[in-house]
Amino acid sequence: MNSNNRDISILLVDDDEINNFISIKLIKKALLSTEIVACLNGKFAIEQLIEMQKKGLDKLPDYILLDINMPIMNGWEFLDEYVRLNIDPLGKTKIFIISSSVFSNDINKARSYPLVKSFISKPLSVEKIREMFEIANQA
């Protein structure tokens, strides 16, 4: 649980439904008190975030796990729109790129975004998830 006694909220943005199913199972195994919403593309995720924001900045997720290669709106376009719309003016949400890409230009591009905490290679594992949240808690 979070320090304010509520579940950790996660927005998972990935176009692969099977991967989402597996990721959700792994996250719930690694972190007991989680609330996870999955979106299949960046555009839908932005729409979800705008709705959350309207209800109050405290309704934004604690974490966003973002794939890069998706239809409609990819991860880079999502990040640009997220910044443009100033969705999280207080910096509450920590964003992680979760990708199967092994290209150094993708890893370097992820590092160029100050709001991206880390680049995590797929496939996810319980160990990678725990490590990711340790990084997030140090930031």
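What you see below is based on every heavy atom in this structure, not just the backbone, and it leaves out hydrogens, waters and symmetry mates.
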Yes or no on side chain to side chain contact (heavy atoms under 4.5 Å, CB included) for I120 and I97, after CA distance, side-chain angles and deciding distance?
CA-CA 6 Å; I120 310 294; I97 300 288; over 6 Å; no

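- With sequence neighbours excluded, the residues that form a side-chain contact (heavy atoms from CB on, under 4.5 Å) with K109 are W76, S112, Y113.
- Inter-residue side-chain proximity for I129 and V126 is flagged as unmet; no heavy-atom pair is nearer than 4.5 Å.
- Here the side chains of D67 and V13 are not in contact, with every heavy-atom distance at 4.5 Å or above.
- Under the rule for a side-chain contact (heavy atoms from CB on, under 4.5 Å), the partners of K54 that lie at least two apart in sequence or sit in another chain are I50, E51.
- Put simply, the side chain of D88 gets close to the backbone of T93: a donor and an acceptor are under 3.5 Å apart.
- Within the structure, no pair that satisfies the salt bridge (charged side-chain N to carboxylate O under 4.0 Å, His left out) test touches residues 17-40, not counting sequence neighbours.
- Considering only residues two or more places apart in sequence or on other chains, K92 meets the side-chain hydrogen bond (donor to acceptor under 3.5 Å, both in side chains) condition with D62.
- Taking Y82 as the reference, F78 meet the ring pair (Phe, Tyr, Trp, His ring centres under 6.0 Å) condition, with sequence neighbours excluded.
- I24 and I8 fall within the same hydrophobic cluster, defined by Ile, Leu, Val, Met, Phe, Trp and Tyr side-chain heavy atoms under 4.5 Å apart, directly or through other members.
- Side-chain contact between D7 and T34 is absent, with no heavy-atom pair separated by less than 4.5 Å.
- No continuous path of ILVMFWY side-chain contacts below 4.5 Å connects F103 to F119, so the two sit in separate hydrophobic clusters.
- Among residues two or more places apart in sequence or in another chain, the side-chain contact (heavy atoms from CB on, under 4.5 Å) test is passed with N19 by D14, D16, S23, K122.
- Among pairs with a residue in residues 71-82, those fulfilling salt bridge (charged side-chain N to carboxylate O under 4.0 Å, His left out) read E81-R84, at least two apart in sequence or across chains.
- When hydrophobic clusters are built by joining Ile, Leu, Val, Met, Phe, Trp and Tyr residues whose side-chain heavy atoms come closer than 4.5 Å, directly or via intermediates, V83 is not grouped with F44.
- Sequence neighbours left out, the pairs with a member in residues 95-105 that pass side chain to side chain donor-acceptor pair (under 3.5 Å) are S101-D106.
- Residues I10 and P61 form no side-chain contact, since every pair of their non-hydrogen atoms from C-beta on lies 4.5 Å or further apart.
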Do L79 and V116 pass the side chain to side chain contact (heavy atoms under 4.5 Å, CB included) test, and can you show the C-alpha distance, the side-chain angles, and the key distance before you say yes or no?
CA-CA 9 Å; L79 288 169; V116 173; 3.9 Å; yes

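- Side-chain atoms of I98 and L66, non-hydrogen and from C-beta on, never get closer than 4.5 Å to each other.
- Side-chain contact between L57 and P89 is present, with at least one heavy-atom pair separated by less than 4.5 Å.
- With sequence neighbours left out, P71 forms a side-chain contact (heavy atoms from CB on, under 4.5 Å) with D15.
- Under the 4.5 Å side-chain heavy-atom criterion for ILVMFWY residues, a single connected hydrophobic cluster contains both I64 and M70.
- No chain of hydrophobic side-chain contacts below 4.5 Å, direct or via other Ile, Leu, Val, Met, Phe, Trp or Tyr residues, connects L65 to I46.
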